[in-house]
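What follows is a set of notes on a single structure, which appears directly below.
Just so it is clear, the structure is predicted and the values come from calculations on it, not from any experiment.
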Amino acid sequence: MVEGPVALVHCVLPDAGEEPACSRVDRCVTHLLWKQLSEAVTDMLDSVTLQDLADQERRLFPKEA
């Protein structure tokens with residue numbers, strides 16, 4: 001459903017072998033939290049299909065008879 005990486009903060013973007021986006025990433029107490037949250041958001045978004053959204057729209061906004 002979503003193309004490309006999803007990251008809640010810049011420091012958890014995939015680096016493809018480059019230097020980390022933040023020089024403090026190795027000693028940051030919140031880095032793992034942001035990484036896990038970004039992965040959870042990605043998993044949730046990956047689980048939703050266009051069909052799911054279409055079905056939800058029909059349930060939320062039924063056409064008037």
Side-chain angles (χ1 to χ4, degrees):
M1 182 83 189
V2 175
E3 294 183 24
V6 174
L8 299 177
V9 291
H10 186 69
C11 67
V12 298
L13 282 169
D15 62 9
E18 299 174 14
E19 290 289 320
C22 176
S23 63
R24 297 176 294 183
V25 72
D26 292 334
R27 2 180 245 290
C28 179
V29 297
T30 62
H31 178 74
L32 183 58
L33 170 70
W34 289 117
K35 183 174 170 41
Q36 290 171 332
L37 283 170
S38 294
E39 290 169 356
V41 168
T42 298
D43 291 344
M44 190 277 175
L45 291 173
D46 284 345
S47 74
V48 177
T49 66
L50 288 175
Q51 186 64 54
D52 294 333
L53 295 176
D55 293 344
Q56 182 176 7
E57 179 185 29
R58 281 196 275 303
R59 283 191 306 272
L60 292 173
F61 309 107
K63 297 192 182 199
E64 295 180 17

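In this structure, Asp52 has no salt bridge (Lys or Arg N to Asp or Glu O under 4.0 Å) partners at least two apart in sequence or on a different chain. Evaluation of the salt bridge (Lys or Arg N to Asp or Glu O under 4.0 Å) rule for Arg27 yields no partner, not counting sequence neighbours.
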Tell me which donor-acceptor pairs under 3.5 Å the side chains of residues 28-42 have, and how far apart each pair is, sequence neighbours excluded?
residue, atom, partner, partner atom, Å
Lys35, NZ, Glu39, OE2, 3.2
Ser38, OG, Leu8, N, 2.9
Ser38, OG, Trp34, O, 3.0
Thr42, OG1, Ser38, O, 2.9

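Residues Asp55 and Arg58 come closest through the heavy atom pair OD1-NH2, 3.0 Å.
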